[in-house]
Every structure is written in structure tokens, then in C-alpha cells.
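To start, the structure itself, in C-alpha cells.
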Amino acid sequence: MAEILLKNADAILTMNDARQELAGADLLVRNGKISQVGHGLSSAGEVHDVTGCVVTPGLVNTHHHLYQTLTRAVPAGQNALLFGWLQTLYPIWSRFGPDEMYTSAQIGLAELALSGCTLSSDHLYLYPNGSRLDDTIAAAADLGLRFHPTRGAMSIGESSGGLPPDALVEAEADILNDMIRVVDAFHDPSEGAMCRVGLAPCSPFSVSRDLMRDAALLARDKGVMLHTHLAENDEDIRYSESQFGCRPGQYAEELGWTGPDVWHAHCVKLDGAEIDLFSRTLTGVAHCPCSNCRLGSGIAPVRAMRDSGVKVGLGVDGSASNDSGNLMAEARQAMLLQRVENGADAMSAREALEIATRGGADVLNRPDCGRLMPGKRADIAVWDTSGIESAGSWDPAALLMAGPVRVKHLFVEGRQIVRDCHIATIDLPRAIERQNRLARALQG
Ligand SMILES: [Zn+2]
């Protein structure tokens with residue numbers, strides 16, 4: 001692969017170990033990796049003049065349900081609490097098939113890319129009408145984003161006291177077999193991997209204790225990560241206490257769901273002991289501030305988590321509970337929400353951006369991503385700070401205070417995915433048209 005040189009950036013926020021920021025600096029990419037960051041670099045390859053721009057690592061999204069981009073702003077779910085919201089949407093999702101899964105994933109990932117995201121996870125926990133994890137993996141590969149899909153699952157339907165309708169749940173033996181299939185087919189453990197698969201039963205209230213434990217055993221056997229929803233809101237805590245006789249943290253620990261290879265979404269209601277547990281075990285958290293606001297779940301104790309050394313990344317969560325998929329906007333929301341709870345000095349723009357980049361990469365066990373350092377993967381976001389959003393800013397590098405929410409250029413593994421604010425790898429207008437056609441069909 002030819003070299004790429006980003007020349008004369010107003011600022012490069014490296015997110016390296018010293019959190020160094022370079023002014024008037026250059027960045028050289030060679031063979032999909034960052035080769036040099038510094039001043040006065042030259043190259044015979046492709047050169048981009050990035051004067052008037054701030055360069056950051058690509059953002060990392062640690063929690064999503066990409067299929068939900070087909071059910072944004074569904075009227076009956078707009079103002080419902082979590083459980084009621086799910087019960088509104090389950091019957092709609094039960095009509096999805098492979099085409100819906102591919103198209104919604106493509107739209108969701110393209111939206112993320114335009115907001116500076118280079119690496120996204122996804123949590124797909126329902127497989128109606130022949131849908132497979134493969135459908136979303138194909139969408140990510142076609143777009144060119146680095147992808148960590150997780151094979152989710154639901155096994156306890158309404159007739160067994162669960163929340164989802166029986167038609168959307170699977171037999172646990174089938175779930176485990178398909179988990180093995182997708183890990184064997186798609187998981188790449190090597191450095192620089194473009195696809196890594198995780199295992200992700202949907203939540204403690206939609207699968208059995210046995211499946212939680214079996215998935216943990218299988219993940220350790222295969223060397224893949226574990227992911228689920230945990231301690232999302234008060235209803236969730238009450239369910240855990242009444243059904244399992246303990247708090248979610250204890251339930252997770254008993255079933256093998258803590259450790260450096262585990263990350264949990266939300267964790268809004270973690271108490272002090274659970275934060276200690278996550279810190280001690282290096283268990284990660286996907287913080288989803290917009291979704292938590294949208295569903296009225298509360299404010300996650302991110303300040304306390306970070307102060308205790310818990311690994312925290314950001315997630316936009318499914319579009320049906322956000323309903324946007326803009327990761328840069330999510331980072332700003334994370335910063336603002338900690339200030340609502342803890343005061344104006346609780347989180348800086350730079351710390352929130354760190355959580356969105358390096359923090360997320362660490363949650364997904366990707367030390368090869370999320371920082372602009374020689375030898376790391378060339379996952380890079382270029383932000384144009386010459387536009388109206390930054391006009392008058394005394395500190396354009398404080399992107400989350402006053403800056404663009406749409407990226408100018410985006411590179412993944414050195415390949416350009418966004419060029420001049422437009423997706424360069426797929427025909428996005430056609431994909432949007434297909435998405436809207438499918439959404440209209442679902443509305444019947
Ligand atoms: Zn979620």
C-alpha cells in the first residue's frame with residue numbers, strides 16, 4: 001500500500017501515553033499503520049493538506065444494535081420506559097430478515113463513520129426469518145469499518161416468564177452452536193484484525209443462568225470477548241433482586257461475567273461495591289449517555305468509575321433508543337452529563353474525547369487502535385475546524401466544546417472511508433433509499 005501523509009494539521013491529538021498534542025504537525029501512514037507523527041515529514045505517496053484541521057484517533061463505538069436503525073422514532077415507543085419500549089418493538093423486529101439486517105447495519109455504520117468512528121462493535125441478539133450475524137459482517141466489510149460483532153441471544157420468551165415474544169427466542173443449544181460457527185468463521189485474533197467476534201446473550205432477563213455460564217465458558221475456550229447489558233435502570237435492579245436474589249454485579253461475578261475479556265453496556269446503576277469489582281477485575285463498561293437520557297434510565301457514575309480505574313468506552317446504543325448514531329455527539333453528551341451530576345469540573349472535553357477513542361479501544365482490548373503512535377493502526381479522523389462550528393474558538397482542539405460533528409476525512413487501516421465529508425466506499429444515497437423502502441414496508 002502506498003504512503004499517505006497528512007500535512008500541516010493545526011493540531012494532532014495523539015492520545016499517546018503522555019496524551020501529547022502537536023501543533024502544525026504531520027502524520028505519515030505506511031501499509032495501514034502509523035509510521036511517524038511529527039514535524040516536517042515528507043512522502044512521495046498521497047499527500048493531504050490538512051491545514052485548518054484537527055486530527056484525532058478514530059472514535060470507537062462499544063455498544064450498538066445496528067438493526068434498530070430501521071425502527072427509529074417509532075411513535076408508540078417514543079415515550080415509553082425500557083421494558084414497555086421493548087414490548088412495542090419486538091413484534092416489528094420479528095418481521096426482519098437478512099436484507100433488513102444488512103441494510104440497517106450499512107446505514108448505522110455509515111452514520112458512525114461520518115461522525116468519526118473507525119471501529120464499532122455490534123450486539124445482534126435476534127435472528128428472525130433466516131437472519132445471521134454474517135449479514136452485518138458483510139455490511140461492515142463492504143463499507144470498510146473495523147468491526148467487532150457479537151453473537152447475541154434471547155432464550156426466555158413470554159411463556160417462560162421472559163420479556164420477548166416466543167417467536168423471537170431461540171433454543172439454547174442452537175444458540176451455542178451458532179456462536180461456535182461464527183467465531184470459527186469470522187474471528188481474527190491477530191493484531192490489526194478487521195473483524196473480531198464476541199459472545200453476547202442479550203441481558204440477564206432474556207436468557208437463562210445456564211446460557212450465561214455456558215457462553216462464558218465458550219468465550220474462554222475460544223479466546224473471544226463477552227458482552228451484555230447490565231444494571232441499566234431501576235427496573236433492571238429490581239428484576240435482578242427479585243429473580244436472582246442479588247444485585248447485577250454479583251450475578252455477573254457468579255456466572256464468570258467479570259474480567260478483562262468482558263464489557264457490559266450501560267451500568268447506570270452500579271453501586272460502589274460493583275465499581276470496585278469492575279476495577280479489580282478489569283471489566284469494561286460501554287457508557288451510552290444519549291440512550292440513558294432517551295429512556296430516562298439515569299446518569300451512569302462514569303466519574304467514579306474512571307477515578308477507580310474502570311475501563312470506560314462510549315456507545316451510541318441502538319438507534320431505536322437514541323435515536324441518532326452520531327458518536328461525536330455522544331462524546332459531548334457524556335461530558336455534559338457528568339457535569340450535571342458532579343459539577344463543571346467533572347469532565348473536560350479532552351477527557352471525554354479520550355474515552356471516545358483510546359478508552360473504547362481499551363474496552364475492546366484493542367491496544368493497537370485508539371491512539372496515534374508509530375506502529376499503531378492507521379485509524380484516523382480529520383476534523384475541519386475552519387467552519388462555522390469552530391469560528392471564534394480560542395481552542396479549536398477542544399472539539400467537544402465547539403467543533404464539527406461530521407468528520408472531513410476518515411481512514412481505517414490506512415484506507416479512506418470518508419472523503420470531504422462524504423462516504424467514499426459505498427453508494428450512500430442508494431443505501432438510504434433502500435433503508436427507507438424497507439422501513440415503509442415494515443410500517444405496512
Ligand atoms: Zn443496548
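Whatever order the structure lists them in is the order used to number ligands and atoms, beginning at 1. What you are looking at is a predicted structure, and each value in this text was computed from that prediction instead of being measured. Each residue takes its place number in the sequence, starting with 1.
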Notebook entry, point to check: Which of these passes ring pair (Phe, Tyr, Trp, His ring centres under 6.0 Å) with His63: His229, His264, His287, His148?
Noted result: His229
Notebook entry, point to check: Nearest to the Zn ion (ligand 1), which N, O or S atom of Asp317 do we find?
Noted result: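 The Asp317 atom nearest to the Zn ion (ligand 1), restricting to N, O or S, is OD1.
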Does the shortest distance from the Zn ion (ligand 1) to an N/O/S atom of [X] fall below 2.8 Å?
{"X": "His229", "answer": "yes"}
{"X": "Glu232", "answer": "no"}
{"X": "His65", "answer": "yes"}
{"X": "His266", "answer": "no"}

Notebook entry, point to check: Ion pair present between Lys269 and Glu274, side-chain N to carboxylate O less than 4.0 angstrom?
Noted result: no
Notebook entry, point to check: Taking 4.0 angstrom as the limit, do Arg280 and Asp276 come out as a salt bridge?
Noted result: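 Here Arg280 does not pair with Asp276 in a salt bridge, since their nearest N and O are not under 4.0 Å apart.
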Next item on the list: Identify the heavy atoms of Arg294 and Ser321 that sit nearest to each other, and give their distance.
Entry: CG-O, 3.3 Å
Next item on the list: State yes or no: are the ring centers of His123 and His64 separated by less than 6.0 Å?
Entry: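 When the ring centroids of His123 and His64 are compared, they turn out to be at least 6.0 Å apart.
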